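Contents: one structure, followed by commentary.
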Number of protein chains: 2
Amino acid sequence: MDIVTILRHSVLFSQIQAEDIPNLLTCLRARKSEFPKDYTIIDEREFTDELGIVLSGSVNIERHDFWGNRTVVSNLGVADSFAETLVCTQQMSEVSVITCEPTTILFLNIHQVITSCSKGCSFHHALIENMVRLLSYKNLELMKKMNHITKRSTREKLLSYLSAEAQKRGSRSFSIPFDRQQLADYLCVERSAMSSELSKMRSEGLLEYQKSFFTLIEED
Amino acid sequence: MDIVTILRHSVLFSQIQAEDIPNLLTCLRARKSEFPKDYTIIDEREFTDELGIVLSGSVNIERHDFWGNRTVVSNLGVADSFAETLVCTQQMSEVSVITCEPTTILFLNIHQVITSCSKGCSFHHALIENMVRLLSYKNLELMKKMNHITKRSTREKLLSYLSAEAQKRGSRSFSIPFDRQQLADYLCVERSAMSSELSKMRSEGLLEYQKSFFTLIEED
DNA sequence: CCTTGTTTGTTGCAAAAACAACATAATCTC
DNA sequence: GAGATTATGTTGTTTTTGCAACAAACAAGG
């Protein structure tokens, strides 16, 4: 799939005509980079003027506390973007962006465009409007995640997350983008306790799973 | 304090000249409303085209699950805003906005301005740029809250929250905007267990408190 | 194909949290 | 000012989680 098609599936470029995109990319000083698996694209305490869009592969957004305990904030796939908040606030990052597999990223120098673009590009307004929409959807994603982790028990967190994933895919069978340790760090629980709870839920007939592929079983 | 002064302290109107604000308010179809304490300004499942700014008083953002368990998402004071994500995404609200005390709100019809404003107001661009900044700061606030609630124990959540509040105020003595039940619902823990833990922390010499006024005690 | 490393799942124990119930203190309303 | 209501704190019990240790399964590398 070529870049223009991928970008038109992103929030940032939605409702922008395909023929306008090459000029926009020039204006945004677009640059493409490829990274191996487990590569830290942006680290904590870094600054950036560039928003990243995933062209292929996937990344995790993570953070570590003082003692090195990891929290997985989110997983991003093709057409998803990151670092939009850093670009807009010009603050130091509190998260890392790490590849989960070989990944290609398109970097866009959004900062100068949303603060002042004296070129008067005809699609500038559409871009900044999309930026507003992008940040709003990021807010909603954070609220959804918070909805999972505010649950009080490990089982409730799992049910909340897995049922939301099923709903998102429109299917009771689906893959999640995390291994066990990543899922535990995403839901803020202890890995082996979570595995034990998943095993109990399976023996109670609530769900089946094989590694990261899950099937929720409908109650009769 | 008059409205223009308050608005200039908000993110949405920052860097907009005081003399431009009256025209902007006309353009935004501004309307002011007063509400008693414990009034639900926006309820779950509602839609809105209007962003609200707190002129006096305060509000809590809350949500309830299917069984009626409440989560407190955040507390907003003077010059803070709400519903910006609803306005930008045109989706149904998943939270309620409830007054904590008698409160005055300024409602602004932001939606039509950020999607298309054919009047060509000279400050339209500044407003949408501020909207981008506002949404980014909301993201950062959600990330900060998530930083508290991803901690694994009640004590760690309390320490995380209270030390962040101290840092925000630049003082080891401060008031928080929550009673005990609201604080417990904000940190997603059980109220009486949290009270018990606060009591232990006090007897260990970590902090003092009287209702919502706290003092963190420096370690020797 | 074999060895090494990683991932997943299990077990037992200690600690922590949730919960229910209740007493005391503080606040509000009449 | 008194009574009613709400808020805070305590206690004991049950449930759940975190943790450490380890075994088995799976994946990767040579």
Side-chain angles (χ1 to χ4, degrees), chain A residues 36-38 60 65 67-72 98 100-102 148-162 175-204 206-215, chain B residues 36-38 60 65 67-72 98-102 148-162 175-204 206-214:
Chain A
K37 174 180 162 67
D38 295 329
N60 274 351
D65 67 12
W67 301 274
N69 298 310
R70 180 182 72 168
T71 302
V72 172
I98 302 175
C100 306
E101 54 187 299
H148 305 323
I149 65 177
T150 52
K151 298 296 191 278
R152 300 301 171 80
S153 65
T154 297
R155 176 178 288 229
E156 285 177 15
K157 290 179 175 181
L158 282 167
L159 287 172
S160 181
Y161 171 73
L162 293 173
S175 285
I176 67 172
F178 300 126
D179 67 19
R180 285 294 177 270
Q181 186 62 63
Q182 288 170 333
L183 179 61
D185 292 345
Y186 180 80
L187 294 178
C188 310
V189 295
E190 205 276 325
R191 181 200 61 78
S192 58
M194 182 191 74
S195 261
S196 185
E197 196 61 39
L198 275 173
S199 189
K200 279 165 66 185
M201 289 162 77
R202 176 167 63 187
S203 64
E204 285 168 30
L206 291 174
L207 50 75
E208 298 289 344
Y209 57 84
Q210 265 179 327
K211 316 267 273 149
S212 60
F213 189 80
F214 288 78
T215 299
Chain B
K37 175 178 159 69
D38 295 328
N60 275 349
D65 67 12
W67 300 275
N69 298 311
R70 181 182 71 168
T71 302
V72 172
I98 302 175
T99 59
C100 305
E101 56 189 295
H148 305 322
I149 65 176
T150 51
K151 296 297 192 277
R152 301 296 171 85
S153 66
T154 296
R155 176 177 288 227
E156 285 177 15
K157 290 178 175 181
L158 281 166
L159 287 173
S160 181
Y161 171 72
L162 293 174
S175 284
I176 67 171
F178 302 127
D179 66 22
R180 285 295 177 271
Q181 186 61 64
Q182 288 169 334
L183 179 60
D185 291 346
Y186 180 80
L187 295 177
C188 311
V189 296
E190 204 276 323
R191 180 200 61 79
S192 58
M194 183 190 73
S195 261
S196 185
E197 195 63 41
L198 276 173
S199 190
K200 278 165 67 185
M201 289 160 77
R202 175 166 63 187
S203 63
E204 286 166 30
L206 291 174
L207 49 74
E208 298 289 344
Y209 57 84
Q210 265 179 328
K211 314 268 274 154
S212 60
F213 189 81
F214 287 79

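Just so you know, these numbers come straight off a predicted model, no measurement behind them. By convention in this document, chain letters (A, B, ...) are assigned in the order of the sequence lines, proteins followed by strands, and residues within each chain are numbered from 1.
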**OP:** Check whether any side-chain N or O of Arg180(A) sits under 3.5 Å from a backbone N or O of Lys211(A) as a donor-acceptor pair, and report yes or no.
**Re:**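 Between the backbone of Lys211(A) and the side chain of Arg180(A) there is a qualifying donor-acceptor contact (under 3.5 Å).
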Original post:
Is there a donor-acceptor contact under 3.5 Å from the side chain of Thr71(A) to the main chain of Asp185(A)?
Top reply: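 No, because the side chain of Thr71(A) does not come within donor-acceptor range (under 3.5 Å) of the backbone of Asp185(A).
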Value in whole Å for how far the [atom2] atom of [N] lies from [atom1] of [X]:
X	N	atom1	atom2	answer
Gln182(A)	dT6(C)	CD	P	14 Å
Glu156(A)	dT16(D)	CD	P	10 Å
Arg202(A)	dG9(C)	CZ	P	6 Å
Met201(A)	dT17(D)	CE	P	11 Å
Asp38(A)	dT6(C)	CG	C1'	12 Å
Gln210(B)	dA7(D)	CD	P	18 Å
Asp185(A)	dT8(C)	CG	C1'	15 Å
Leu183(A)	dT7(C)	CG	P	14 Å

From [atom1] ([X]) to [atom2] ([Y]), nearest 0.5 Å:
X	Y	atom1	atom2	result
Cys100(A)	Asp179(A)	SG	CG	9.0 Å
Arg191(A)	Leu198(A)	CZ	CG	11.5 Å
Cys188(B)	Arg70(B)	SG	CZ	11.5 Å

Subject >> Set of ring-ring contact (aromatic ring centres under 6.0 Å, His included) partners for Tyr209(A), sequence neighbours left out >> reply: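 Scan of Tyr209(A) (ring-ring contact (aromatic ring centres under 6.0 Å, His included), adjacent residues dropped) gives Phe214(A).
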**OP:** Could you list the residues that satisfy ring-ring contact (aromatic ring centres under 6.0 Å, His included) with Tyr161(A), not counting sequence neighbours?
**Re:**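 Applying ring-ring contact (aromatic ring centres under 6.0 Å, His included) to Tyr161(A) gives His148(A), Tyr186(A).
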Subject >> Side chain of Asp179(B) (C-beta onward), nearest among dG9(C), dT8(D), dT8(C) >> reply: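 Out of dG9(C), dT8(D), dT8(C), the nucleotide with an atom closest to Asp179(B)'s side chain is dT8(D).
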Subject >> Protein-to-nucleotide contact annotation, 5' to 3' order, nucleotides 17-30 of chain C [B base; S sugar-phosphate only; - none; under 4.0 Å, heavy atom] >> reply: SSBB-----SS---
**OP:** Give a yes/no answer on whether the side chain of Ser196(A) brings an N or O atom under 4.0 Å of OP1 or OP2 in dT17(D).
**Re:**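 Result: no.
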**OP:** Mind checking salt bridge (charged side-chain N to carboxylate O under 4.0 Å, His left out) for Lys200(A) and listing every partner two or more places apart, or none if nothing turns up?
**Re:**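 Lys200(A): salt bridge (charged side-chain N to carboxylate O under 4.0 Å, His left out) contacts with Glu197(A).
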Original post:
For the helix from dC1(C)-dG30(D) to dC30(C)-dG1(D), what angle lies between the axis at the first five pairs and the axis at the last five pairs, to 10 degrees?
Top reply: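 Taking the rotation axis at each end, their angle is 60°.
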**OP:** Taking side chain to side chain donor-acceptor pair (under 3.5 Å) as the test, write out the residues that go with Glu204(A), two or more places apart.
**Re:**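 Side chain to side chain donor-acceptor pair (under 3.5 Å) list for Glu204(A), sorted by chain: Arg155(A).
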